[in-house]
Amino acid sequence: MNYTLEEQGKKIIEECLSMTSINPMDIFKTIASKDYIRIHGPEHHVLDGAALLTAYYNAGGNIELASALDELMKRGLSMPGATCGMWGVCGAVTSMGAALSIIDGTGPLSTDDTWGKHMHFTSKALSRLAEVGGPRCCKRDAFLSFQEAIEFVNENYDVTLDSSDIVCGYYHKNQQCIGDRCPFCKSNKKKVAFICVHNSCRSQIAEALGKHLAADVFESYSAGTETKPQINQDAVRLMKDIYGIDMEKTQYSKLITDIPKPDVAISMGCNVGCPYVGRPFDDNWGLEDPTGKSDEEFIIIIKEIEKRILQLKAELKK
């Protein structure tokens with residue numbers, strides 16, 4: 001079911017009003033598991049600050065929670081999406097900055113020290129995000145911001161919020177996951193990269209089938225030394241027909257530098273020489289490029305990739 005942003009905001013507020021935890025990260029994770037919260041999206045501009053306000057209230061903070069959450073939702077819904085890339089400021093940080101403003105009743109004309117303290121918080125939180133780098137991840141950015149927000153609240157208010165160690169459980173849904181660069185990445189699964197020159201056909205099929213058939217054993221990525229503006233449209237069509245997978249919803253053409261360092265690197269087969277990826281390939285599947293060929297020939301390659309994905313899954317499970 002598709003929800004409007006306002007519907008998402010209202011559902012977040014309803015959930016928060018039923019929570020008793022004093023750990024904002026636990027509140028965040030509970031709500032983030034709901035079907036109306038995407039892996040990325042401007043609904044986080046409501047969720048992140050709402051989780052902080054709720055934990056603050058549950059820890060004994062002096063606010064009227066329902067009205068505070070309503071105000072937070074109004075502010076969160078007014079923030080545009082993609083602020084991190086388009087405005088240079090993360091929505092998770094601004095959402096939590098809004099929560100602090102609501103707690104203290106701070107406004108643009110405030111003359112007390114809260115105005116400056118909130119700026120210190122947001123600048124410190126943004127620095128943490130900048131140190132890790134992009135691309136954005138609404139879950140990683142929220143966790144980093146929560147770490148700073150919990151420390152700020154515990155130092156500046158007469159309440160104590162709980163914290164917890166974070167192990168990311170979202171990486172398999174995040175096509176732009178930065179892997180080991182993320183401080184919350186604790187996956188024991190091997191990272192498998194499927195490589196061809198343009199990353200538009202065979203390697204994209206392998207990534208999609210790896211995620212579809214072997215996500216419990218390894219993480220699948222694809223990349224090339226060049227990119228195409230879109231995935232091969234015959235591959236997109238046939239993968240939808242055969243497996244119900246829409247590659248255009250979850251994948252795009254990427255360079256080798258855009259994916260985490262792989263544990264296993266597989267060449268799909270290059271007629272004129274495989275691209276250099278900074279290390280030897282673990283295997284070369286030697287598959288013919290089906291681009292421009294008949295559906296029957298295309299399907300033969302797709303089924304061969306499926307067979308090899310299942311073979312690789314069996315090997316890595318040993």
Side-chain angles (χ1 to χ4, degrees), residues 12 16 19 21-33 37-56 59 72 75-76 79-103 117-157 159-187 219 258-261:
I12 290 167
C16 283
M19 298 283 181
S21 174
I22 62 173
N23 184 333
M25 290 190 276
D26 283 350
I27 295 171
F28 172 88
K29 288 189 290 183
T30 298
I31 300 176
S33 68
I37 303 295
R38 296 166 292 180
I39 182 66
H40 311 297
E43 61 266 34
H44 290 81
H45 300 173
V46 177
L47 172 56
D48 300 1
L52 182 60
L53 280 176
T54 303
Y56 174 82
L72 189 284
R75 298 186 191 187
M79 284 189 253
T83 54
C84 57
M86 304 294 286
W87 295 67
V89 59
C90 173
V93 178
T94 47
S95 181
M96 293 184 206
L100 296 176
S101 168
I102 292 167
I103 289 171
K117 282 185 174 181
H118 300 162
M119 293 289 185
H120 280 300
F121 158 71
T122 54
S123 62
K124 189 174 180 183
L126 288 170
S127 292
R128 287 286 306 281
L129 271 60
E131 288 167 4
V132 175
R136 64 83 179 91
C137 169
C138 287
K139 301 303 190 288
R140 179 188 74 234
D141 296 342
F143 292 144
L144 288 167
S145 302
F146 277 128
Q147 288 179 337
E148 293 300 325
I150 291 169
E151 181 179 334
F152 181 89
V153 168
N154 290 348
E155 288 179 355
N156 290 279
Y157 301 91
V159 302
T160 301
L161 302 183
D162 280 350
S163 185
S164 55
D165 291 333
I166 297 294
V167 176
C168 178
Y170 304 95
Y171 60 88
H172 61 289
K173 297 180 180 180
N174 183 4
Q175 298 300 311
Q176 297 86 41
C177 177
I178 60 175
D180 293 338
R181 283 175 46 214
C182 174
F184 310 111
C185 175
K186 299 291 189 298
S187 173
E219 299 174 28
D258 294 331
I259 65 172
K261 182 179 179 181

Considering all heavy atoms of both residues, which atom of Ala50 and which atom of Ile12 are nearest to each other, and what is their separation?
CB-CG2, 4.1 Å
Do the rings of Tyr157 and Tyr56 sit parallel, tilted or perpendicular, given the 30° and 60° boundaries?
perpendicular
Tightest non-hydrogen contact, residues Arg181 and Gly134, listed as NH2-O, 3.0 Å
Asp48 CG to Leu53 CG distance, which is reported to the nearest 0.5 Å:
11.5 Å
Got a donor-acceptor contact below 3.5 angstrom from the Ser123 side chain to the Met119 backbone?
yes
Side-chain heavy-atom pair Ile166, Ser164 within 4.5 angstrom cut-off
yes
Considering all heavy atoms of both residues, which atom of Lys117 and which atom of Phe152 are nearest to each other, and what is their separation?
O-CE1, 3.5 Å
State whether the side chain of His40 and the backbone N or O of Cys138 hold a donor-acceptor pair below 3.5 Å, judged by distance alone.
yes
Has Ser101 got a side-chain atom pairing as donor or acceptor with Gly97's backbone, closer than 3.5 angstrom?
no
Could you tell me if the side chain of Leu144 sits less than 4.5 Å from the side chain of Pro183, heavy atoms only?
yes
Does a side-chain heavy-atom distance below 4.5 Å link Ile27 with Leu52?
no
Considering only heavy atoms from C-beta outward, does the side chain of Leu72 approach that of Ser95 to under 4.5 Å?
yes
In Å, rounded to the nearest 0.5 Å, how long is the span from CG of Asn23 to NZ of Lys29?
7.0 Å
Non-neighbouring partners of Tyr170 that pass side-chain hydrogen bond (donor to acceptor under 3.5 Å, both in side chains), sequence neighbours left out:
none
What distance separates Ile150 CD1 from Met96 CE, expressed to the nearest 0.5 Å?
8.5 Å
Using a distance-only test with no angle check, is there a side-chain donor-acceptor pair under 3.5 angstrom linking Asn154 and Thr160?
no
Can you name the closest pair of heavy atoms from Ser145 and Ala92 and give their distance?
OG-CB, 3.8 Å
Could you tell me the separation between the CG atom of Leu161 and the CD1 atom of Ile22, rounded to the nearest 0.5 Å?
7.0 Å
Side-chain heavy atoms of His45 within contact of Thr94, under 4.5 Å
no
Could you note down all residue pairs passing salt bridge (charged side-chain N to carboxylate O under 4.0 Å, His left out) where residues 135-145 supplies at least one of them, sequence neighbours left out?
none
Verdict with supporting geometry, Cys137 and Gln176, side-chain contact (heavy atoms from CB on, under 4.5 Å):
CA-CA 8 Å; Cys137 169; Gln176 297 86 41; over 6 Å; no
First locate atom CG of Asn174, then atom SG of Cys168, and finally report the distance between them rounded to the nearest 0.5 Å.
7.5 Å
For Arg38, which residues count as a salt bridge (charged side-chain N to carboxylate O under 4.0 Å, His left out) partner, sequence neighbours excluded?
Glu43
Taking only residues two or more places apart in sequence, or in another chain, which ones meet Asp258 in a side-chain hydrogen bond (donor to acceptor under 3.5 Å, both in side chains)?
none
Under the salt bridge (charged side-chain N to carboxylate O under 4.0 Å, His left out) rule, what pairs show up with a residue in residues 121-134, not counting sequence neighbours?
Lys124-Glu148, Lys124-Glu151, Arg128-Glu148
Is Pro260 close to Ile178 at the side-chain level, that is, under 4.5 Å between some pair of heavy atoms?
no
Begin from the C-alpha positions of Met19 and Asp26 and carry the test side-chain contact (heavy atoms from CB on, under 4.5 Å) through to its verdict.
CA-CA 10 Å; Met19 298 283 181; Asp26 283 350; over 6 Å; no
Residues that Thr83 engages under side-chain hydrogen bond (donor to acceptor under 3.5 Å, both in side chains), provided they are two or more places apart:
none
Roughly how far apart are Asn156 CG and Phe121 CZ, rounded to 0.5 Å?
11.0 Å
Could you walk me through whether Arg75 and Ile102 pass side-chain contact (heavy atoms from CB on, under 4.5 Å), step by step?
CA-CA 10 Å; Arg75 298 186 191 187; Ile102 292 167; 3.7 Å; yes
For residues Thr122 and Val89, determine if any side-chain heavy atom of one lies less than 4.5 Å from a side-chain heavy atom of the other.
no
